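Numbers for residues simply follow the sequence, beginning at 1. On a predicted model such as this, the values are computed, not experimentally measured, just so you know.
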Amino acid sequence: MIQAVLFDLDDTLHDRQRTLQHFLQWQYDKHASSWGTFSKETFMQQFAAYDKGGMVWKDQVYRQLKEELHVSEHPDVLLEEYVEHVADHAVWMEGAEEALAACRRKGLKTGLITNGKRTLQRRVIGALQLEARMDVILISEEEDIRKPQADIFLRAADQLELEPEACLFIGDSLEADARGAASAGMRSLWLHGEMNCGARVLPAYEQLISYLEEEM
């Protein structure tokens with residue numbers, strides 16, 4: 001029986017893509033007077049191309065942007081703006097806040113396991129007010145271990161004082177989330193995933209409650 005639901009952060013609870021778009025619009029507008037040689041759309045498109053869905057750290061992204069677009073500011077200045085302000089624009093994934101609240105109303109424990117840098121992830125967690133809604137929060141940089149390694153999932157279950165089999169993990173990555181959690185003995189759902197990939201798929205958060213009712 002499921003007694004806890006754990007979530008990934010970026011592109012699972014936190015809509016990283018929309019957050020990034022809002023931040024990049026703000027950053028371009030902040031520097032528009034000196035960035036007049038290229039458009040906001042060009043800046044955002046180039047950033048996304050170098051960012052590779054968040055897989056490339058932003059110091060490299062801004063260095064490449066300086067070379068490509070000849071921005072006047074030093075990359076370290078732009079990186080500091082990113083670290084300081086991107087979480088100011090944080091938004092939820094569609095349906096995520098409601099799904100999390102429904103889990104809490106059902107008396108389920110809830111948790112968060114995320115790969116990433118401590119400072120950035122903590123700021124996003126704070127912006128979405130997740131601390132009070134989670135029974136456990138694990139960030140890879142703080143734990144010195146990353147998904148999909150089973151140990152980080154087992155650590156979360158241990159802190160919840162539950163067996164892994166009593167935990168359901170939801171995330172947007174097939175390898176890091178769905179298969180990582182399964183390797184630790186947890187049930188897992190691949191959010192917005194593809195069918196026939198060896199993992200159970202959650203097409204949308206609206207279907208989570210019916211899934212839990214079947215499994216509880």
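- The shortest side-chain heavy-atom distance between His22 and Asp88 does not fall under the 4.5 Å cut-off.
- Proximity of a side-chain donor or acceptor of Arg18 to a complementary backbone N or O of Trp92 within less than 3.5 Å is detected.
- Using a distance-only test at 3.5 Å, with no hydrogens or angles considered, a donor-acceptor pair links the side chain of Glu141 to the main chain of Arg118.
- Taking each heavy atom of Leu202 and Ile170 in turn, the nearest pair found is CD2-CG2, 4.2 Å.
- Residues His31 and Glu81 have side chains in contact (heavy-atom distance under 4.5 Å, counting atoms from C-beta outward).
- With contacts defined as side-chain heavy-atom distances shorter than 4.5 Å, the pair Thr12/Phe169 does not qualify.
- Between Gln159 and Val136 the shortest heavy-atom distance is OE1-CG2, 3.2 Å.
- Contact annotation: the side chain of Val61 never approaches that of Tyr82 to less than 4.5 Å [non-hydrogen atoms, C-beta and beyond].
- Under a 3.5 Å cut-off, the side chain of Ser140 and the backbone N or O of Gly116 do form a donor-acceptor pair.
- Under a hydrophobic-cluster definition in which Ile, Leu, Val, Met, Phe, Trp and Tyr are linked whenever side-chain heavy atoms come within less than 4.5 Å, directly or via other members, Leu160 and Ile137 are assigned to different clusters.
- At a threshold of 4.5 Å between side-chain heavy atoms, the hydrophobic network of Ile, Leu, Val, Met, Phe, Trp and Tyr places Val5 and Ile209 in one connected group.
- Between Met186 and Ala157, the shortest heavy-atom contact is CE-CB, 4.1 Å.
- A donor-acceptor pair is defined here as one N or O able to donate and one able to accept, closer than 3.5 Å; no such pair exists between the side chain of Gln45 and the backbone of Thr42.
- Remark: Glu98 CD is packed, more than 12 non-hydrogen atoms of other residues, nucleotides or ligands lying under 6.0 Å away.
- At a threshold of 4.5 Å between non-hydrogen side-chain atoms, the residues Gln21 and Met44 count as touching.
- Atom CD of Glu165 has more than 12 neighbouring heavy atoms from other residues, nucleotides or ligands inside a 6.0 Å radius.
- With values rounded to the nearest 0.5 angstrom, Asp151 atom CG is found 11.5 Å from Asp144 atom CG.
- Across every non-hydrogen atom of Ser183 and Ala150, the tightest pair is OG-CB, 3.6 Å.
- Between Arg133 and Glu97 there is a side-chain heavy-atom pair separated by less than 4.5 Å.
- Summarising the geometry, atom OH belonging to Tyr62 is positioned 6.0 Å from atom CG belonging to Leu78; distances are rounded to the nearest 0.5 Å.
- Heavy atoms only, all atoms of each residue included: Ala127 and Ala90 are closest at CB-CB, 4.0 Å.
- Note on Leu69 and Val56: same hydrophobic cluster, where clusters join Ile, Leu, Val, Met, Phe, Trp and Tyr whose side-chain heavy atoms are under 4.5 Å apart, directly or indirectly.
- The CG atom of Leu191 sits 11.5 Å away from atom OG of Ser173, with the distance rounded to the nearest 0.5 Å.
- Side-chain atoms of Lys40 never come within 3.5 Å of backbone atoms of Tyr28 as a donor-acceptor pair (strictly under, hydrogens ignored).
- Judged by distance alone, the side chains of Thr19 and His14 do bring a donor and an acceptor atom under 3.5 Å apart.
- Side-chain heavy atoms closer than 4.5 Å link hydrophobic residues (I, L, V, M, F, W, Y) into clusters, and following such links, possibly through other members, connects Trp57 to Phe47.
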Handout entry: Chi angles and distances behind the side-chain contact (heavy atoms from CB on, under 4.5 Å) call for Lys58, Val83
Key = CA-CA 9 Å; Lys58 304 310 166 285; Val83 172; over 6 Å; no

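- Cluster membership for Ile125 and Leu20, using ILVMFWY side-chain heavy atoms within less than 4.5 angstrom, is not shared.
- One finds the CD atom of Glu80 at 13.5 Å from the CG atom of Asp59 (value rounded to the nearest 0.5 Å).
- Test Leu138, Ile113, Ile145 against Phe153 for side chain to side chain contact (heavy atoms under 4.5 Å, CB included) and you get one pass: Ile113.
- In this structure, the side chain of Trp190 engages the main chain of Asp172 through a donor-acceptor pair within 3.5 Å.
- The pair Arg104-Asp135 counts as a salt bridge, with a side-chain nitrogen and a carboxylate oxygen less than 4.0 angstrom apart.
- Using modelled atom types, one side-chain atom of Arg155 and one backbone atom of Glu143 make a donor-acceptor pair closer than 3.5 Å.
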Practice task
Could you please spell out the steps behind the side-chain contact (heavy atoms from CB on, under 4.5 Å) verdict for Lys106 and Glu213?
Solution key: CA-CA 10 Å; Lys106 285 183 171 292; Glu213 289 174 349; 3.6 Å; yes

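- For the ring pair (Phe, Tyr, Trp, His ring centres under 6.0 Å) test with Phe43, the passing option among Phe23, Trp26, Trp35 is Trp35; the others fail.
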Practice task
Starting from the C-alpha separation in whole Å, work towards a yes-or-no answer on side-chain contact (heavy atoms from CB on, under 4.5 Å) for Gln46 and Phe38.
Solution key: CA-CA 11 Å; Gln46 291 296 92; Phe38 54 90; over 6 Å; no

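- Remark: of the listed residues Thr119, Leu112, Asn115, Thr114, Thr114 is the sole one forming a side chain to side chain contact (heavy atoms under 4.5 Å, CB included) with Ile139.
- Distance check, rounded to the nearest 0.5 Å: CG of Leu120 to CG of Leu9 gives 10.5 Å.
- Under 4.0 Å is where a charged nitrogen must lie from a carboxylate oxygen, and between Asp51 and Arg16 at least one such pair does.
- Under the 4.5 Å side-chain criterion, counting only non-hydrogen atoms from C-beta, Ser34 is in contact with Glu73.
- Closest approach of Glu94 and Tyr205 over heavy atoms only: O-CD1, 3.5 Å.
- Note: Thr110 OG1 to Leu13 CG = 9.5 Å, rounded to the nearest 0.5 Å.
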Problem - side-chain contact (heavy atoms from CB on, under 4.5 Å) evaluation trace for Met134 with Leu100 - result: CA-CA 9 Å; Met134 296 295 177; Leu100 177 59; 3.9 Å; yes

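- Within the 4.5 Å cutoff, the side chain of His192 has heavy atoms near those of the Met93 side chain.
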